[in-house]
Amino acid sequence: QVQLVESGGGLVQAGGSLRLSCVASGRTFTIYAMGWFRQAPGKEREFVSAVSWSGGSTVYADSVKGRFTISRDSAGNTVYLQMNSLKPEDTAVYYCAASGRGLATSLRTVHGVDYWGKGTLVTVSS
């Protein structure tokens, strides 16, 4: 099994920044693409961003494009989400996700996720 542990969530004012981290442990040789989803109260879980195994390919939801940046460390077991220009509508629980497939696009929907973290709460005040 693979365990994903997120950190970095918190309360920030609109326009501010946060950096989320997700560390994978366990059978990490089985995971390739990694990414982030989020779920706001009363809403479905939605895709935010993903990065390929090599880190060379990334995808973003339109709602965060230009404001969020995903990256991955050289060992491949840690993924980051730098969130800038945060808006109140970015408030949600952010979940780390991992896939046994290498393409970043494999994580565009929840159906492509093989492993989930427990989530970290991001609250953006207006």
Problem set entry | With sequence neighbours excluded, residues passing salt bridge (Lys or Arg N to Asp or Glu O under 4.0 Å) with Arg67 | Asp90

For this session: Just jot down the salt bridge (Lys or Arg N to Asp or Glu O under 4.0 Å) partners of Lys43, sequence neighbours excluded, or say none.
Result: none

Seminar exercise, completed: Contacts of Asp114 meeting salt bridge (Lys or Arg N to Asp or Glu O under 4.0 Å) (sequence neighbours excluded), chain-then-number -> Arg101

Seminar exercise, completed: Residues at least two apart in sequence or cross-chain that pass ring pair (Phe, Tyr, Trp, His ring centres under 6.0 Å) with Tyr32, listed by chain then number, are Trp53

Exercise. Ring pair (Phe, Tyr, Trp, His ring centres under 6.0 Å) with Tyr115: which residues, sequence neighbours excluded?
Worked result: none

Exercise. With clusters built from Ile, Leu, Val, Met, Phe, Trp and Tyr whose side-chain heavy atoms come within less than 4.5 Å, directly or transitively, what are the remaining members of the cluster of Trp116, listed by chain and number?
Worked result: Phe37, Phe47, Val59, Val93, Tyr95, Leu107, Val110, Val113, Leu121

Problem set entry | disulfide (SG to SG under 2.5 Å) contacts touching residues 21-82 (sequence neighbours left out) | Cys22-Cys96

For this session: Sorted by first residue and then second, give each side-chain hydrogen bond (donor to acceptor under 3.5 Å, both in side chains) pair with at least one member in residues 5-24; sequence neighbours left out.
Result: Ser17-Asn84

For this session: List for me each residue that meets salt bridge (Lys or Arg N to Asp or Glu O under 4.0 Å) alongside Glu46, sequence neighbours excluded, and say none if there are none.
Result: Arg38

Exercise. If you group Ile, Leu, Val, Met, Phe, Trp and Tyr whenever their side-chain heavy atoms sit less than 4.5 Å apart, what else falls in with Val23?
Worked result: none

For this session: With sequence neighbours left out, write down each residue that passes side chain to side chain contact (heavy atoms under 4.5 Å, CB included) with Thr109, or none if nothing qualifies.
Result: His111

For this session: Go through the structure and list residues passing ring pair (Phe, Tyr, Trp, His ring centres under 6.0 Å) with Tyr94, not counting sequence neighbours.
Result: none

